[in-house]
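Scroll down for the structure; my scribbles are underneath it.
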Amino acid sequence: MTTIRLDPTHPDPEVIAHAARILRSGGLVAFPTETVYGLGANALDPEAVGRIFTAKGRPSFNPLIVHCADLASARALAAKWPPEAERLGRTFWPGPLTLVVPKRGRVPAIVTSGRSTVALRVPRHPVAAALLTEAGVPIAAPSANPSAQLSPTRAEHVLKALGGRVDLVLDAGEAPVGIESTVVDLSETDPVLLRPGMVDASQLEEVLGRELLTPVAPSGEGARPSPGMLDRHYAPRARLVLLGADGADRLAGETRKAKAAGKIVGALLLDVQPDPWIDVLVRMPFDPDAYARVLYDTLHRLDDTGCEVVFVESVPGDGRWAAVRDRLARAAA
Ligand code: TXA
Ligand code: MG
């Protein structure tokens, strides 16, 4: 396996050509997108896609997102292209939005876990965009982490967890959005928000001119509209504890309890006064975009420091923070 460092805004065309050759010949390439790093394979090559599932230890029932160079190539993979898809694609692509639509026959069943729908996204990171154009094939790419663990926002995170299982890692530094794309299902009559992201519900609803539904997630067992949305997901090794409105009071008590049990304690705080017993304190930015950008990197670093429990101050309740709240809740589940 090789890692190649490249400029995030002007990637070297020779490196991109090399990566595209690996993809076309059935290999796995980890590459940066604006959201998180993806683990890519030629979406039209079932054997190559199978390698993604093996490398990640991903359950076969969890379908992959197919990345496309532009709206026209995305449309070419859809059996039906609703007007909502056209409108959202034109507004938010290239960007951190994924659309689920009925799939064409040429999308292999392994990509969609046998479903009749496919998740499509046109990423805007210059490295991902260049790679898609050069490869000339759509690229199936889940986040480049072992199943159910934290998503990678840096090449170092990919190497730490998947190094050795990937043919090439393209390293372009930090992924600027920092959490996974918003996923909207357009395959039925009413559009459904399957996964919140930094393109938020109100932005989508403005373009759609109607309200988005949210899936009624049966907790515990049972079929889920988005098979990837397991409660515990995006999780660090450390135990995450979300502090409620009583955060300031709880922090001191909980920290002392954890220290008495011999634990290494971390904390992600916005406003609350830090407790002197906290081992690794991180002041988080009071802005949802900035918070999202550093969240996974911060959790990766706390894991590397050996933190066993991490207290997290609750973030604001408004819509702009919805995606951050979702990821914190999943990491703590
Ligand atoms: O930002 C992102 O979306 C990143 C980058 C690499 O693009 N990718 C990513 O992929 O987060 P992954 O595999 O970690 O998450 C894909 C999500 C899962 O929750 C999966 O279940 C859902 O999309 N999904 C994929 N195909 C689907 C389909 N046909 N119907 C419903 N949900 C689908
Ligand atoms: Mg993932």
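Only a predicted model underlies this, so the values are computations on that prediction, with no experimental measurement involved. In listed order, ligands and their atoms are each counted from 1.
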Quiz item: Does the side chain of Arg124 come under 3.5 Å of the side chain of Thr33 through a donor N or O and an acceptor N or O?
Solution: no

Self-check item: Ser151-Glu180 side chain donor-acceptor pair, cut-off 3.5 Å
Solution: yes

Counting only heavy atoms, which portion of [X] has something under 4.0 Å from ligand 1: side chain, backbone, both, or neither?
| X | value |
| --- | --- |
| Thr117 | both |
| Arg58 | side chain |
| Glu180 | both |

Quiz item: If you measure from each heavy atom of Thr112 to ligand 1, is any distance below 4.0 Å?
Solution: no

Quiz item: Hey, does His67 sit under 4.0 Å from ligand 1 if you only count heavy atoms?
Solution: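 Under 4.0 Å: yes for His67.
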
Exercise. Please report the closest heavy-atom contact between Ala144 and Pro152, naming both atoms and the distance.
Key: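 So the two residues come closest at O-CG, 3.3 Å.
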
Quiz item: Which heavy-atom pair separates Glu34 from Gly95 by the least distance, and what is that distance?
Solution: OE2-C, 3.1 Å

From the candidates [options], the one that places a heavy atom nearest [atom]:
| atom | options | value |
| --- | --- | --- |
| atom 30 (N) of ligand 1 | Ile52, Thr98, Val100 | Val100 |
| atom 5 (C) of ligand 1 | Thr182, Thr35, Leu120, Val118 | Thr35 |
| atom 21 (O) of ligand 1 | Asn62, Asp185, Ile65, Leu64 | Asn62 |

Practice problem: Measure the OG1-CZ distance between Thr255 and Phe311 for me, rounded to the nearest 0.5 Å. | Solution: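 Result: 5.0 Å between the selected atoms.
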
Quiz item: Is there any N or O on Ser181 that sits under 3.5 Å from an N or O of ligand 1?
Solution: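 N/O-N/O distance below 3.5 Å exists for this pair.
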
By number and element, which atoms of ligand 1 are closer than 4.0 Å to a non-hydrogen atom of [X]?
| X | answer |
| --- | --- |
| Ser143 | 8 (N), 9 (C), 10 (O), 12 (P), 14 (O) |
| Leu194 | 31 (C), 32 (N) |
| Ala119 | 25 (C), 26 (N), 27 (C) |

Quiz item: Can an N, O or S atom be found in Ser143 less than 2.8 Å away from the Mg ion (ligand 2)?
Solution: yes

Quiz item: Yes or no on side chain to side chain contact (heavy atoms under 4.5 Å, CB included) for Arg195 and Thr182, after CA distance, side-chain angles and deciding distance?
Solution: CA-CA 5 Å; Arg195 180 173 72 183; Thr182 308; over 6 Å; no

Quiz item: Under 3.5 Å, is there a donor-acceptor pair between the side chain of Arg154 and the main chain of Asp297?
Solution: no

Self-check item: Under 3.5 Å: donor-acceptor pair, side chain of Glu308, backbone of Arg239
Solution: no

Practice problem: Report whether Leu6 and Tyr37 are members of the same hydrophobic cluster (ILVMFWY, side-chain heavy atoms less than 4.5 Å apart, transitive linking). | Solution: no

